[in-house]
J.: 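Below is the structure I would like to discuss, written out as structure tokens.
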Amino acid sequence: MSNRPLNVGLVGGGKGAFIVNPHQKAIHFDGTRRVVAGALFPDPKIALEEAAKWPYPIRGYGSYDEMIAANKTLPEAEKLDYILIVTPNFVHFDPAMKAMKAGIAVFCEKPLCLNLKEATELVKTSRKLNVPFGVAHTYLGHWTSRFSRYIVQSGLLGDVRWVDSYYIQGWLATKLEATGQQQASWRVDPKRAGGSGCGGDIGTHALMQLRYVTGLNVTDVSAQMETFVEGRQLDDHFTIYCKLSNGGKALVRASQICIGSKNDLGIVVAGTKGTLRWRQEEPESITICLPNQPDRVYWRGAVAGGDGFLPKDLPADLMAEPTIPAGHPEAFHDAFARLHRCFEVDVRKWKAGEKFNCDGSKYANVQDGWTGIAFIETTVKSAASNGKWTKLPKP
Ligand SMILES: NC(=O)c1ccc[n+]([C@@H]2O[C@H](COP(=O)([O-])OP(=O)(O)OC[C@H]3O[C@@H](n4cnc5c(N)ncnc54)[C@H](O)[C@@H]3O)[C@@H](O)[C@H]2O)c1
């Protein structure tokens with residue numbers, strides 16, 4: 001493949017859409033990827049109007065079917081290398097399947113899709129056709145998440161006994177959906193969001209953070225899923241007690257009714273030798289607590305090995321990740337950019353006919369997306385039986 005920037009096509013993103021915005025910034029972050037096309041809205045006429053209003057020129061399409069079909073006849077320089085799916089959850093499965101079958105890689109928003117049947121088909125198809133498939137679990141893209149993963153998985157904190165992984169918000173503390181607010185309306189509708197509201201929307205992020213940092217899986221859950229806002233169909237408060245694959249325990253919790261909480265995602269990992277704490281609202285540092293010692297705060301960009309806790313030699317690929325000097329803050333957009341940057345590496349290898357990783361070490365993959373959906377389906381079952389311990393299906 002030539003050295004041209006990768007061409008990205010958007011599915012969704014018109015008319016006041018939310019998450020397309022940080023994604024499109026992240027796509028353009030390095031100059032090696034660009035948005036070139038979009039099917040931005042379900043109504044074809046509005047989709048074309050929205051594309052014409054895009055801040056830079058893109059090819060507009062009336063639907064993602066049209067965008068994918070048109071790709072076949074485009075010259076190589078204009079062909080899509082991957083699509084970015086930023087539609088509500090019920091419009092993830094269909095464009096993802098169609099893109100893979102048309103030989104286009106897929107970067108899809110979370111949760112992966114609506115149910116385990118769809119998730120299983122997506123996993124099987126991506127394996128059979130050998131297509132790179134990323135899932136946008138944003139917070140894995142922070143350098144400090146990579147560093148946390150290294151610390152925990154290299155055993156520096158001993159055996160993991162307990163994890164508290166959480167995502168607490170307050171924006172759905174009132175019946176916002178009744179005002180017609182776009183993002184609230186579909187998130188509380190089981191047909192468009194899936195079997196869980198709060199759990200599917202942000203509980204899956206908390207689960208992914210736990211799995212990414214610790215490398216452990218949740219094997220069993222005892223779930224409480226509550227709806228505090230009257231008349232709402234899906235949960236707005238999600239509290240899941242978990243058994244972990246190493247015999248440890250965890251709490252995966254999420255809430256959207258805690259007034260004052262914004263995007264309070266964080267993780268506490270308590271091991272036999274020490275504890276790690278990290279919060280995405282202050283993503284530039286992690287805190288390590290060791291017995292009978294002052295807490296250690298490690299800042300991105302100012303980490304050096306051989307300090308009495310970290311070994312002298314730190315992993316070269318971790319230390320070589322592109323960052324800016326400490327104290328010039330990285331945040332949400334940088335995390336998105338790191339995910340797209342790493343996905344780009346795999347897409348370029350795939351295009352060149354080489355073996356690509358897509359192994360979940362740099363961004364969540366379709367199997368991680370499957371695990372998120374399996375977790376949600378199992379928590380719904382457990383909550384319906386009053387929190388009965390329930391096993392997750394095996395991948
Ligand atoms: N990774 C994250 O941190 C994060 C944050 C927010 C949202 N999300 C996920 O991103 C997705 C979108 O969420 P949002 O808040 O941006 O929603 P949104 O309602 O703001 O935007 C959805 C967009 O999809 C478009 N759309 C709907 N059906 C379509 C179709 N058939 N064809 C083309 N476009 C269509 C809408 O017109 C709109 O432009 C969801 O799956 C959500 O869970 C992820």
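Worth saying up front: this structure is predicted, and the values here are computed from it rather than measured. All ligand and atom numbering here is 1-based and tracks the order in the structure. Counting from 1, the numbers follow the sequence of the chain as shown.
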J.: Tell me whether Asp164 is salt-bridged to Arg253, with the criterion being a basic N under 4.0 Å from an acidic carboxylate O.
T.: yes

J.: Do the two ring centres, one from His137 and one from Tyr212, sit under 6.0 Å apart?
T.: no

J.: Give the residue and atom name of whichever protein heavy atom lies nearest to atom 28 (N) of ligand 1, and the separation in Å to one decimal.
T.: Pro42 CG, 3.7 Å

J.: Less than 4.0 angstrom from a charged side-chain N to a carboxylate O is my criterion; do Asp307 and Arg296 meet it?
T.: yes

J.: Give me the residue, atom name and distance of the protein heavy atom closest to atom 33 (C) of ligand 1.
T.: Ala39 O, 3.4 Å

J.: Tell me: protein heavy atom nearest atom 20 (O) of ligand 1, and distance?
T.: Gln183 NE2, 2.5 Å

J.: Around atom 21 (O) of ligand 1, find the nearest protein heavy atom and jot down its residue, atom name and distance.
T.: Ala17 CB, 3.4 Å

J.: Could you verify whether a donor N or O on one side chain and an acceptor N or O on the other, from Ser145 and Gln209, lie under 3.5 Å apart?
T.: yes

J.: List ligand 1 atoms under 4.0 Å from Arg187, heavy atoms only on the residue side.
T.: 6 (C), 7 (C), 13 (O), 15 (O), 42 (C)

J.: Given Gly12, Ala136, Pro88, which one has a non-hydrogen atom that is nearest to atom 27 (C) of ligand 1?
T.: Pro88

J.: Quick check on contacts: which atoms of ligand 1 are under 4.0 angstrom from a heavy atom of Asp201?
T.: 43 (O)

J.: At the 4.0 Å heavy-atom cut-off, does His205 count as touching ligand 1?
T.: yes

J.: For atom 17 (O) of ligand 1, tell me which residue out of Trp186, Phe18, Tyr64 has the closest non-hydrogen atom.
T.: Trp186

J.: Which residue and atom name correspond to the protein heavy atom nearest atom 10 (O) of ligand 1, and how close is it?
T.: Glu109 CG, 3.1 Å

J.: Which atoms of ligand 1 are found less than 4.0 Å from any heavy atom of His92?
T.: 41 (O)

J.: In ligand 1, which numbered atoms sit nearer than 4.0 Å to a non-hydrogen atom of Val86?
T.: 12 (C), 22 (C), 23 (C), 24 (O)

J.: Distance to 0.1 Å, residue and atom name: give those for the protein heavy atom nearest to atom 2 (C) of ligand 1.
T.: Thr138 OG1, 3.3 Å

J.: Can we say Arg4 and Glu76 salt-bridge, meaning some charged N sits less than 4.0 Å from an Asp/Glu carboxylate O?
T.: yes

J.: Indicate yes or no: does Glu49 engage Lys53 in a salt bridge with an N to O separation below 4.0 Å.
T.: no

J.: Would one find an N or O of Phe336, backbone or side chain, under 3.5 Å from an N or O of ligand 1?
T.: no

J.: Do any heavy atoms of Lys110 fall under 4.0 Å from ligand 1?
T.: yes

J.: Do Arg338 and Glu330 meet the salt-bridge criterion of a basic N to acidic O distance under 4.0 Å?
T.: yes

J.: Salt bridge check, Arg348 against Glu344: does any charged N sit closer than 4.0 Å to a carboxylate O?
T.: yes

J.: Ignoring hydrogens, just give me the one of Thr87, Ile19, Val11, Leu10 whose non-hydrogen atom is nearest atom 40 (C) of ligand 1.
T.: Thr87

J.: Under 3.5 Å, is there a donor-acceptor pair between the Thr214 and Gln153 side chains?
T.: no

J.: Can you tell me if CG on Asp359 sees more than 12 non-hydrogen neighbours from other groups inside 6.0 Å?
T.: yes

